[in-house]
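Hydrogens, waters and symmetry mates play no part in the numbers below; they use all other heavy atoms, side chains included.
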Amino acid sequence: RDGYLWLGTDIGLTRSDGVNFHHYTFAEAGGSFITNISPLENSLLWCWSNGYIAPVCFDTSTGKTVSITGIDGAYLQTLKDFAVIEGKMYALHNSKLIHIPIEYSKTHINLHIKEIELDCNIKRVFNNSSNLYLLTDESIIEYNPRNGKKTNIQILGKSDLAKVEKLKFFGDNIILSDRKRIHVII
């Protein structure tokens, strides 16, 4: 973004121009351990780490955090697996998928919560540029947020979905990984 490389680290958010590094810490969020970054509109980054700190909205143009309104901080801390697709944010709360509409202003972002009814117990949420992938105990569901279409993805071979830690996308392939194995879904 803007010619910089942004990295989530154990000391916070780090910006590099290829030569120099500048670190931003988030003490107000309860720590600085950042494992995930998603771009929002304009110069905003959504930064979080499941279970470590409350999510932070960071403005790369000012180098400061942006106030979050509309959702209680304690509730925000319970959300995990944030996904941003085409400027729209989704997250996991108590095994349910929620849509988080964002209203932007110059001084803050205002968030709202809308639960998406899917009739399944979701364990993790992953995304590529256009779809959400919902991991349940029994299957992976591809969910298109634009039209609400759900498709079960066939998994070849034996896989313990409860242990899946990451889902990555390479072309039409989906890569599942846990601490011991990697599975490719075509």
Side-chain angles (χ1 to χ4, degrees), residues 1-94 97-102 104 107-111 113 122-135 140 145 163-170 173-180 182:
R1 180 165 269 202
D2 299 327
Y4 294 107
L5 176 65
W6 292 92
L7 306 165
T9 70
D10 60 345
I11 59 171
L13 190 61
T14 299
R15 181 190 74 199
S16 174
D17 60 8
V19 177
N20 300 304
F21 293 88
H22 186 83
H23 306 289
Y24 302 91
T25 60
F26 304 117
E28 70 278 6
S32 291
F33 190 66
I34 302 292
T35 59
N36 300 285
I37 304 168
S38 289
L40 296 176
E41 285 188 6
N42 303 321
S43 60
L44 301 179
L45 296 176
W46 188 253
C47 308
W48 78 96
S49 180
N50 286 343
Y52 292 101
I53 69 166
V56 173
C57 185
F58 183 80
D59 188 337
T60 61
S61 66
T62 65
K64 297 181 180 180
T65 58
V66 176
S67 297
I68 300 170
T69 62
I71 296 179
D72 175 75
Y75 180 83
L76 193 59
Q77 180 89 26
T78 66
L79 302 179
K80 68 179 195 173
D81 287 351
F82 290 92
V84 178
I85 298 176
E86 297 173 356
K88 295 184 169 113
M89 189 161 33
Y90 302 86
L92 184 61
H93 182 258
N94 292 334
L97 180 65
I98 59 170
H99 174 220
I100 308 171
I102 306 168
Y104 297 92
T107 59
H108 67 279
I109 60 170
N110 192 32
L111 305 178
I113 298 294
I122 303 167
K123 302 292 185 184
R124 298 287 313 268
V125 175
F126 301 93
N127 70 291
N128 63 11
S129 62
S130 58
N131 293 310
L132 296 170
Y133 292 84
L134 314 174
L135 191 66
I140 298 174
K163 294 181 180 178
V164 170
E165 294 177 354
K166 294 195 184 282
L167 219 95
K168 296 291 182 185
F169 306 92
F170 296 98
N173 299 318
I174 300 174
I175 311 293
L176 299 173
S177 64
D178 59 31
R179 291 179 190 219
K180 295 181 181 177
I182 295 176

Check against salt bridge (charged side-chain N to carboxylate O under 4.0 Å, His left out), K64 and D59: CA-CA 6 Å; K64 297 181 180 180; D59 188 337; over 6 Å; no
Heavy-atom closest contact (V84 atom, S38 atom, distance): CG2-CB, 3.6 Å
Output field: ring centroids H93/Y75 closer than 6.0 Å: yes
Pair F82-I100, side chain to side chain contact (heavy atoms under 4.5 Å, CB included): steps then yes or no: CA-CA 10 Å; F82 290 92; I100 308 171; 3.9 Å; yes
Approximate separation, where rounding is to 0.5 Å, of F126 CZ and I140 CD1: 8.5 Å
Criterion side chain to side chain contact (heavy atoms under 4.5 Å, CB included) on T107 and S67, from CA distance to verdict: CA-CA 7 Å; T107 59; S67 297; over 6 Å; no
Check: F58 and L44 side chains under 4.5 Å, non-hydrogen atoms: no
Value rounded to 0.5 Å, distance of OH in Y24 from CZ in R15: 4.0 Å
Atom pair CG (N36) and CH2 (W48), whose distance is rounded to the nearest 0.5 Å: 4.5 Å
Y104/L40 under side chain to side chain contact (heavy atoms under 4.5 Å, CB included): CA gap, chis, key distance, verdict: CA-CA 10 Å; Y104 297 92; L40 296 176; 3.7 Å; yes
Closest approach of V125 to D81 (non-hydrogen atoms, all atoms of both residues): N-OD2, 3.0 Å
Shortest non-hydrogen separation from P145 to S130 and the atoms involved: CD-O, 3.7 Å
Heavy-atom side-chain contact between I68 and W46 under 4.5 Å: yes
Heavy-atom closest contact (L13 atom, C47 atom, distance): CD2-SG, 4.0 Å
Nearest heavy atoms of A83 and N127, plus distance in Å: CB-OD1, 3.4 Å
Side chain proximity check, L97 to L92, heavy atoms < 4.5 angstrom: no
Exercise: identify the closest heavy-atom pair between H23 and I11: ND1-CD1, 3.4 Å
Worked verdict on I34 versus W6 for side chain to side chain contact (heavy atoms under 4.5 Å, CB included): CA-CA 11 Å; I34 302 292; W6 292 92; over 6 Å; no
4.5 Å side-chain heavy-atom contact, T9 and T35: no
From NZ (K80) to NZ (K123), nearest 0.5 Å: 8.5 Å
Interatomic spacing from OG1 in T14 to CD1 in I37 - rounded to 0.5 Å: 8.5 Å
Nearest-0.5 Å distance, CD1 of residue I109 to CE of residue M89: 5.5 Å
Minimum side-chain heavy-atom gap Y133-N128 below 4.5 Å: yes
